Amino acid sequence: MNVHTTIKNAICKIAPGTDESKIVPEADLAKDLAIDSLARVELAMALEDSCKLSLSEDEIEEVVTVGDIIALLESKSGEE
Amino acid sequence: MLDRVVVTGCGAITPLGLTVDETWKNMIDGVSGIGYISMFDTDNFQVKIAAEVKDFDSDNYMDPMTARYSDRFTQFAIAAGKQAAGDAQLSIHDSNTYDIGVIVGTGLGGIESLSRQVNVLARRGPSRVSSYTIPMTIPDSCTGRLSIEMGIRGVNLSLISACAAGTDAIGMAYRMIRHRELKMAIAGGTDASITPISVAGFQQAGALSRSQEPSNACRPFDAQRNGFIMGEGAAILVVESLESALERGVSIIAEIVGYGATSDAFHITKPRETNEVAAKAIELALAGVNRDEIGYISAHGTSTQINDISETRVIKKALGKQAYDIPVSSVKSMVGHMIGAAGALGTIVCCKVVNEGVLPPTINYEYPDPKCDLDYVPNIARKKDITVAVSNAFGFGGHNSVLAIRKYNGK
């Protein structure tokens with residue numbers, strides 16, 4: 001499964017009702033997808049589970065867009 | 001001058017139905033909403049049965065995101081609250097939002113969500129616990145969500161008084177409206193505590209029936225009663241000043257004419273043996289009522305040995321010989337014990353009784369108990385015109401809370 005699909009699945013799981021077509025790399029998590037600070041923590045846990053990696057609080061806080069998450073996950077999987 | 005206070009809307013999610021009308025029809029037909037527990041595996045439990053809400057679909061009342069992060073007790077309250085607001089033709093906007101409050105009682109709050117996250121904590125550690133644990137679990141998450149869902153900006157209170165919570169929430173709304181602190185309130189009770197930890201806790205306290213036969217397990221005031229049946233659901237009312245209701249031109253369901261609340265100051269679970277404190281709550285609720293008008297009591301009637309004897313004595317202590325002439329029934333025989341919602345549902349029952357002239361029965365009544373010697377409307381609904389109906393609720397902690405409901409006759 002590619003990283004974008006993994007993220008899409010995670011967002012749909014933690015924020016049911018999200019319009020999938022809006023989950024594009026340039027989408028702003030807060031402004032476009034209504035993922036607030038609480039939901040962001042849920043999203044990080046969902047990604048950690050599905051990608052079998054661990055994300056620090058700083059890493060999660062720095063993310064603004066879906067593209068940022070893609071980059072973050074790709075850099076993390078490169079590390080392993 | 002004090003305002004008069006009326007009920008203009010009712011909503012309910014109960015083991016007997018997903019609306020007030022469906023619930024009421026089943027009550028009058030003497031239907032039991034009690035069955036084997038399906039929500040968790042009861043293999044290691046002595047208690048096997050409960051009154052579950054069936055086929056509840058949160059999608060009918062809220063978006064999926066709200067549903068995902070709202071405990072079941074909150075979902076029930078949102079559903080019943082929206083039903084009540086619809087019934088009252090309530091439209092909330094900038095010019096009235098601060099005049100409306102949301103006051104809802106609960107016994108156990110978000111215990112299902114809490115249990116789930118305690119398991120996550122134990123299995124996977126703190127870093128896997130949901131960020132929504134606290135906002136799903138704290139008892140006021142329900143009124144917080146209701147306020148958001150309905151756009152209510154007046155007082156937002158969650159009232160915690162165990163099995164009397166729904167009654168006290170309505171009583172608090174009644175007092176605030178009466179004293180002109182609010183014009184209107186969404187008030188009632190909710191609970192969703194058919195969970196392993198709460199069933200185990202009540203089982204160990206000796207409060208729950210161990211009967212294996214759902215159809216007749218709950219038998220309030222019957223000699224063979226052996227404990228209460230855990231129920232769940234929500235009952236919410238729109239309570240408002242008479243003036244506000246007349247101004248809005250909406251139909252008035254009934255008038256709230258009294259509220260009494262006392263505390264046993266005796267034991268954390270047992271009612272006070274001498275019964276005068278609970279009787280005082282009834283007397284306070286009836287302080288402004290002509291005693292001849294009292295026609296019905298919706299009993300707390302849990303089906304425990306101790307409650308039903310104690311409540312019988314309490315009613316006799318408060319009303320004297322008149323107690324023998326007043327029908328008393330317990331809808332818990334059909335819906336189980338909805339904990340924080342119980343007294344609010346009892347209040348809705350009183351509203352229906354004064355309007356419909358029909359009393360719901362106490363089902364499963366077979367063997368009279370000499371210590372419970374009132375008229376419990378056994379097994380079959382009864383036609384009777386009622387002017388004033390009384391709703392009793394008592395709770396662990398010594399709560400005694402009573403509301404008096406009068407038929408509204410246009411004056």
Side-chain angles (χ1 to χ4, degrees), chain A residues 4-24 27-66 68-69 72-73 75-77 79-80, chain B residues 55-76 78-79 82 109-110 112-151 156 158 192:
Chain A
H4 190 197
T5 310
T6 304
I7 295 170
K8 218 179 231 185
N9 291 346
I11 290 176
C12 291
K13 181 182 163 208
I14 66 102
T18 303
D19 178 353
E20 271 192 60
S21 69
K22 287 188 176 168
I23 309 175
V24 291
D28 183 299
L29 291 180
K31 289 180 193 147
D32 300 324
L33 300 174
I35 293 176
D36 62 14
S37 61
L38 292 174
R40 190 178 275 252
V41 177
E42 297 292 304
L43 178 59
M45 289 194 289
L47 290 170
E48 286 179 328
D49 284 348
S50 54
C51 301
K52 308 272 184 287
L53 49 75
S54 121
L55 300 168
S56 73
E57 273 182 37
D58 284 349
E59 286 170 329
I60 295 157
E61 273 173 29
E62 280 165 16
V63 161
V64 177
T65 65
V66 171
D68 294 343
I69 309 178
L72 175 64
L73 294 183
S75 73
K76 297 289 267 192
S77 61
E79 282 170 17
E80 281 160 19
Chain B
D55 303 322
F56 175 71
D57 185 354
S58 60
D59 286 348
N60 294 333
Y61 297 98
M62 66 206 85
D63 66 61
M65 187 75 176
T66 301
R68 181 176 169 92
Y69 298 112
S70 296
D71 187 273
R72 189 170 164 89
F73 92 110
T74 295
Q75 293 185 10
F76 288 159
I78 290 172
K82 287 186 175 178
E112 202 270 336
S113 301
L114 181 62
S115 308
R116 203 178 282 270
Q117 295 304 319
V118 167
N119 284 337
V120 172
L121 177 66
R123 278 188 297 112
R124 304 185 64 195
S127 66
R128 311 315 294 175
V129 168
S130 170
S131 55
Y132 286 90
T133 301
I134 303 303
M136 287 177 77
T137 297
I138 47 177
D140 69 303
S141 54
C142 158
T143 52
R145 284 284 186 190
L146 262 171
S147 149
I148 295 165
E149 285 287 306
M150 302 178 76
N156 162 352
S158 190

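What you see is a predicted model; the values in this text were computed from it and never measured. Lettering of chains follows the sequences in order, A, B, ..., and the numbering in each one begins at 1.
Residues Leu38(A) and Pro135(B) share a closest heavy-atom pair of CD1-CG, 4.2 Å.
Here Asp36(A) contributes atom CG and Tyr69(B) contributes atom OH; the two are 9.0 Å apart, rounded to the nearest 0.5 Å. Here the straight-line distance linking atom CG of Leu43(A) with atom OG of Ser131(B) works out to 10.0 Å at 0.5 Å rounding.
Not a single donor-acceptor pair under 3.5 Å links the side chain of Glu42(A) to the backbone N or O of Ser130(B). A donor-acceptor pair is defined here as one N or O able to donate and one able to accept, closer than 3.5 Å; such a pair exists between the side chain of Arg128(B) and the backbone of Met45(A).
Between Arg124(B) and Asp49(A), some side-chain heavy-atom pair lies under the 4.5 Å cut-off.
The most heavy-atom pairs under 4.5 Å with chain B, out of Ala39(A), Pro16(A), Gly17(A), come from Pro16(A).
Heavy-atom distances place no part of Ala44(A) under 4.5 Å from chain B, backbone and side chain included.
Under a cut-off of 6.0 angstrom, the local environment of CZ in Arg116(B) is sparse, with at most 12 non-hydrogen atoms contributed by other residues, nucleotides or ligands.
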